[in-house]
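Sequence lines set the chain letters: A, B, ... in the order given, protein chains first and strands last, and positions in each chain run from 1. As the structure is a prediction and not an experimental result, all values here were calculated from the model.
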Amino acid sequence: MLAKYNPQEIEKKWQRRWAEDRLYEVTEDDTRPKLYALTMFAYTSGDLHIGHWYALAPSDVHARFKRMQGYNVLHPMGFDAFGLPAENAAIKRGIHPFTWTMQNIDNMRRQLRSMGTIYDWSREVVTCLPEYYKWTQWFFLKLYEAGLAYRAKAPVNWCPRCQTVLANEQVVGGGVCERCGTAVIRRDLAQWFFRITKYADELMQHDGIDWPERIKIMQRNWVGKSVGAEISFALDCPGIDEKEIRVFTTRPDTAFGVTFMVLAPEHPLVAKLTSPEKKAEVEAYITRSRRQSEIERLSTEKEKDGVFIGAYVVNRLTGDKVPVWIADYVLMSYGTGAVMAVPAHDERDYAFAKKYNLPIKLVIAPPGWQGGKLAEAYTEPGTMVNSGQFDGLPSQQGIEAICDFLEGKGWGKRAITYRLRDWLISRQRYWGAPIPMIYCEKCGIVPVPEEDLPVLLPENADFKPTGESPLKYCEEFVNTTCPRCSAPAKRETDTMDTFMCSSWYFLRYASPHCDTAPFDAEKVKYWLPVDLYTGGAEHAVMHLFYARFFIKALRDMGLVSFSEPFSRLFNQGVIIVEKQKMSKSRGNVITPDEYVSELGADAVRAYLMFVAPWEQGGEWDDSGISGISRWLNRVWNLVLEEYKPRTPDHALEKLKGEQADIEQVERELSRITHQTIRKVTGDLEKLRFNTMIAALMEFTNYLAKVKEAGSVTPSVWNESIDILLLLLAPTAPHLAEELWERTGHNYSIHNQSWPQWDEELAKDEEVTLVVQVNGKLRDKIIVPAGITEAEAKKLALESQRVKAYLKDKVTLKEIYVPGKLVNLVVR
RNA sequence: GCCGAAGUGGCGGAAGAGGUAGACGCGGCAGUCUCAAAAACUGUUGGAGAGCAAUCUCCGUGUCGGUUCGAGUCCGACCUUCGGCACCA
């Protein structure tokens, strides 16, 4: 009696064995090509749900495949363990974030092991442990030394719910917190920033890396480079030192059309310039705009409003005196915080001018313009008019001509502005790596000396969020001495953005236990950059962006010798449940554990790959996974149930007539086997897991037919089964290992070489030739693969079915596609 | 509004480089097994129509046009869905 497929039993058995044998531990090896295949590490939020598995399982399959192909594969896993969600969850449960996080890690590790991955657990990293964050702090110091970290007072995004500041990248949907969806407000605070804008241009380039176009576009848009000019407007106000206001514009060609100027309400000159009689009105407007949330203020729906501040500037090109207004559609954080308004050629300025009855002066003529008024702003290129000596120039040339002119006069210069802001990394929360800085009354800001790292996060701080950093009230943490003058001093009490931890973790995997440096340079040189990085697309302008910045900064410090951390990037889609995204709040979270204990990890792995193309994501469906489970059971039975050839081997040889038949069947089996190897290999390279599984199923179905017929010799049969198991090994590692053992092979299937296909054996001997008449399918004929054009046409014309369509018709054209079809065009 | 991706049976999805639309799986239907059911296995399954029948005909990849001997695939316009950005001067 054949044993039943029992995934629970065999999966536990092999997981134990693989761990005992350290089967998946890797070291540097120059005799094989290396492959660093990385999946974004998991955030320690509690349980892994099926969405995590969707990110992890297919990449494990790919890594296993590469390993069998002979690559030295590094496929590590770790935990992104600092940060707000863990802290909030811990507060809610009344336990310490460290306890909460480490419990989660234990559970997640157990779940990850149950998946049957090839993670080398000896390389695990956990970002909230001092041996890790020591080096996060070390990188902060390096960035500070390099002038890439600075402290500044600035208007920053504050989330009232999370009680902390956020980076620009963490503010989404026009002004809500990326984590909790609360509308952010502006606060002026002194904070630590990383000078990511220094790398703005380089971050827009993705040369030599294979990334999805979508992500590259998002990153380019995020940097938002605008080329134009900075133009100075003369300011002549008694009692004010400033003699100009500078504006940034991408359209210097419209400079003769300026009819007013708009400043951001926060512009430093507003207070000085406002005339006494306008003061009350202006202050009321500023108060009002400050009270508004970022969403309201930036809403494109909202009608633009503003107030005249009672001051004028002079457009030096025309000599015109133009009024100065303030309006909250002008942002202090972009350009110079001041805009020259050209209502004729800018939609916003046009709306503003209409509302307040300001003049509209046309300076760019649309093609065919007859001198009439515009019904709306004309923002396209055109011909310059009303622009003095520049009249008649096409606007593209006009931009250059005006820039040259302004530069000659010293009234302005060519300029580039970016939408990208510097990365704000301070957080007023407990659960993060402390920023290693000290404030001394005498010496000012002093970095913590390297040898004093790590600055330990005190365990006993009261970590409830108050809007101020909890560390501020932890006396033994705050009070220290100045490393320079030894006088009493105070520590920085803000912690670092978690994205700082994840900006370098992929370097740590190369030498996770290195305690003299964040990484062993030689090992990083061997493993990095990451060859294939997979994860969700939601990190396009956060993690993926920051990590690129980090590597470029490290490169410029001479710490690494490459410029891009991730050579190839792949974003998997999202698993949905009942047409909705999985989330705890919706209560539709699918946990893998129950499916693993019922159907096995192999079934869950295979189902996730089969459900849809990986980049697309798909719907979790219970009846779908039972189909996969049935298939794995069929494989089990197919392999283990005795194969009964129709006649014994030696008898076959005697039966001449039969033998021809058997040879033919065996040739077909061999052809299909080699075609399957080719298909499965190609699909795995391209990460097309769904069609790979379909090919394995087809192969299984075909083998079942062969088995039923008993039409091949046992040795040929066994070879085919071996290949099936090898092809199945990455997808269903436990089942394949068990069947490998039960069919009498040596442990382990995962150390076997990936099967190679033979192009000759995979070649079809016969092909189906499609015969069309006027493009419509009329017959299909089986022909030898190497058929000539003349023969193919001859056979097509001989077809009885085709003949019926050719009766009384004239053949105009005969089209032949080798090995595919004949199309007869008749009239 | 702008940028990007995608619309194929009852469902998830397949279709190198313009050449058999619907692989593979789910579900359905029929059968085998069973006292019965479940499970499993076998067969069948895009729609409409004709025929006792094996078969045959027509229609069919979001909509409307176009290119081509031939279009799910290429081009143009539009509709819908999903992501991202959104007063960036």
Side-chain angles (χ1 to χ4, degrees), chain A residues 172-175 212-222 224-226 228 247-251 254 262 264 297-302 304 327-331 333-342 345-349 351-352 417-421 537-538 540-541 571 573-574 576 606-607 610-613 615-628 630-631 633-634 637 682 686 688 690-701 704 708 768-780 801 812-826:
Chain A
V172 297
E213 206 50 41
R214 185 168 93 252
I215 302 291
K216 293 196 276 186
I217 289 168
M218 278 165 73
Q219 293 199 340
R220 280 200 293 272
N221 291 343
W222 191 257
K225 182 177 184 171
S226 293
V247 301
F248 173 77
T249 179
T250 55
R251 293 294 302 273
T254 65
V262 190
R297 184 170 161 180
L298 292 179
S299 166
T300 33
E301 312 294 306
K302 194 189 112 183
K304 288 163 199 22
D328 59 14
Y329 77 86
V330 175
L331 308 172
S333 54
Y334 184 77
T336 61
V339 170
M340 64 175 213
V342 186
H345 306 293
D346 182 280
E347 279 162 27
R348 295 151 301 173
D349 298 345
F352 200 81
T417 300
Y418 298 93
R419 208 186 81 106
L420 179 68
R421 302 270 79 82
E538 67 274 16
V541 293
N571 298 118
V574 177
I576 55 170
Y607 175 62
F610 183 63
V611 71
E615 68 271 29
Q616 188 185 302
E619 174 119 15
W620 179 264
D621 174 14
D622 279 2
S623 55
I625 191 171
S626 63
I628 288 287
R630 281 204 280 266
W631 169 55
N633 269 293
R634 283 208 308 277
N637 294 331
K686 287 175 279 189
R688 307 275 303 177
N690 57 330
T691 48
M692 183 232 8
I693 304 254
L696 288 176
M697 286 174 166
E698 277 184 83
F699 190 45
T700 310
N701 294 345
E708 206 187 337
T768 307
L769 190 70
V770 172
V771 186
Q772 297 181 333
V773 178
N774 288 342
K776 290 203 173 183
L777 175 75
R778 294 304 176 193
D779 200 5
K780 297 177 197 176
R801 290 173 201 228
L812 301 176
K813 218 170 172 182
E814 292 170 352
I815 286 146
Y816 176 65
V817 180
K820 284 256 167 76
L821 97 173
V822 173
N823 185 14
L824 303 166
V825 185
V826 300

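- The same atom, C1', is picked in B/G19 and in B/G76; the two are 24 Å apart, to the nearest Å.
- Looking at every heavy atom in both residues, A/Glu814 comes nearest to A/Leu824 through CG-CD2, 3.5 Å.
- The OH-C1' distance, from A/Tyr329 to B/A86, rounds to 16 Å in whole Å.
- Annotation: of the two residues near RNA chain B, A/Met218 and A/Gly224, the 5′-most nearest-nucleotide partner is A/Met218.
- Rounded to the nearest 0.5 angstrom, A/Phe610 CZ and A/Trp631 CH2 are separated by 9.0 Å.
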With sugar-phosphate taken as primed atoms, P, OP1 and OP2 and all else as base, the protein-contact string of nucleotides 22-34 of chain B at under 4.0 Å (heavy atoms; B, S, -) is -BBSSS-------
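- Across all strands shown, B/U80 forms a Watson-Crick or G-U wobble pair with B/A6, both key distances being under 3.5 Å.
- Nucleotides B/A39 and B/G46, compared at atom P, are 24 Å apart to the nearest Å.
- A/Arg421 contributes a side-chain N or O that, together with a main-chain N or O of A/Tyr418, makes up a donor-acceptor pair within less than 3.5 Å.
- Using a 4.0 Å heavy-atom distance criterion, A/Glu814 is classed as making no nucleic acid contact.
- Among B/C69, B/A89, B/A14, the nucleotide with an atom closest to any side-chain atom of A/Thr249 is B/A89.
- Within the structure, every side-chain polar atom (N or O) of A/Gln772 is placed at least 4.0 Å from both OP1 and OP2 of B/G19.
- Of all the heavy atoms in A/Ala540 and A/Ile215, the pair that sits closest is CB-CD1, 3.8 Å.
- Nucleotide B/G1 is matched to B/C85 when pairs are restricted to Watson-Crick or G-U wobble geometry with both distances under 3.5 angstrom.
- Considering all non-hydrogen atoms of both residues, A/Thr250 and A/Ser226 come closest at CG2-CB, 3.8 Å.
- Of the C1' atoms belonging to B/A40 and B/C33, the separation is 9 Å, rounded to the nearest Å.
- Look at the C1' atom in both B/C58 and B/G51: the space between them is 15 Å, to the nearest Å.
- Rounding to whole angstrom units, CG of residue A/Asp346 and C1' of B/C87 are separated by 9 Å.
- In this structure, the NZ atom of A/Lys820 is 19 Å from the P atom of B/G70, given to the nearest Å.
- For B/G66 and B/A71, the C1' atoms lie 11 Å apart once the distance is rounded to whole Å.
- Rounded to a whole Å, the CG atom of A/Leu420 is 12 Å from the C1' atom of B/C88.
- The distance from atom CD of A/Gln219 to atom P of B/G4 is 17 Å, rounded to the nearest whole Å.
- In this structure, of B/A89, B/A14, B/C56, it is B/A89 that holds the atom nearest to the side chain of A/Arg348.
- Remark: the backbone N or O of A/Val826 is paired with a side-chain donor or acceptor of A/Asn774 at under 3.5 angstrom.
- Within 4.0 Å (heavy atoms only), A/Val339 reaches at least one base atom of the nucleic acid.
- The side chain of A/Lys813 contributes an N or O atom lying less than 4.0 Å from OP1 or OP2 of B/C69.
- Rounding to the nearest 0.5 Å gives a distance of 5.0 Å between CZ of A/Arg419 and CH2 of A/Trp222.
- B/G4 shows a glycosidic angle more than 90° from 0 and is accordingly assigned anti.
- Residues A/Asn221 and A/Leu777 each lie close to RNA chain B; by heavy-atom proximity, the contact nearer the 5' end of the strand is made by A/Asn221.
- Rounded to whole angstrom, the span from the OH atom of A/Tyr418 across to the C1' atom of B/C88 amounts to 14 Å.
- Looking only at distances, a side-chain donor or acceptor of A/Tyr607 sits under 3.5 Å from a matching main-chain atom of A/Asp621.
- For the pair A/Ala264 and A/Val330, the tightest heavy-atom approach, listed with the atom from each and the gap, is CB-O, 3.3 Å.
- Between B/G19, B/U20, B/C85, one nucleotide has an atom nearer to the side chain of A/Asn823 than all others, and that is B/G19.
- Under the rule for a side chain to side chain contact (heavy atoms under 4.5 Å, CB included), the partners of A/Ala612 that lie at least two apart in sequence or sit in another chain are A/Gln616.
- A straight line from CZ of A/Arg220 to P of B/G84 spans 18 Å, rounded to a whole angstrom.
- Across the P atoms, B/G1 and B/G10 are found 33 Å apart, a figure rounded to whole Å.
- Under 3.5 Å, the side chain of A/Lys304 and the base of B/C87 form at least one donor-acceptor pair of N or O atoms.
- Remark: B/U73 base-pairs with no nucleotide in the shown strands. Criterion, Watson-Crick or G-U wobble with two distances under 3.5 Å.
- A gap of 10 Å separates the P atoms of B/U20 and B/G16, to the nearest Å.
- Rounded to an integer number of Å, the gap from CZ of A/Arg778 to C1' of B/C58 is 10 Å.
- The base-pairing partner of B/A30, taking Watson-Crick or G-U wobble contacts with both distances under 3.5 Å, is B/U42.
- Dashed line: the shortest gap from a side-chain N or O of A/Lys776 to OP1 or OP2 of B/C59 is under 4.0 Å.
- B/G16: glycosidic angle within 90° of 0, hence syn.
- The partner of B/U20, taking Watson-Crick or G-U wobble pairs whose two distances both stay under 3.5 Å, does not exist in any strand shown.
- B/C56 is paired with B/G49 under the criterion used here, namely a Watson-Crick or G-U wobble arrangement in which both key atom distances are under 3.5 Å.
- A/Val817 comes within 4.0 angstrom of a base, heavy atoms only.
- Between B/G19, B/G4, B/C87, one nucleotide has an atom nearer to the side chain of A/Ile217 than all others, and that is B/G4.
- At B/C56, one or more side-chain N or O atoms of A/Arg801 fall inside 4.0 Å of OP1 or OP2 (strictly under the cut-off).
- B/C11 and B/A48 are spaced 15 Å apart, taking the P atom of each and rounding to whole Å.
- The CD atom of A/Glu538 sits 8.0 Å away from atom CG of A/Asn571, with the distance rounded to the nearest 0.5 Å.
- Nucleotide B/G25 forms a pair with B/C11, judged by Watson-Crick or G-U wobble geometry with both contacts under 3.5 Å.
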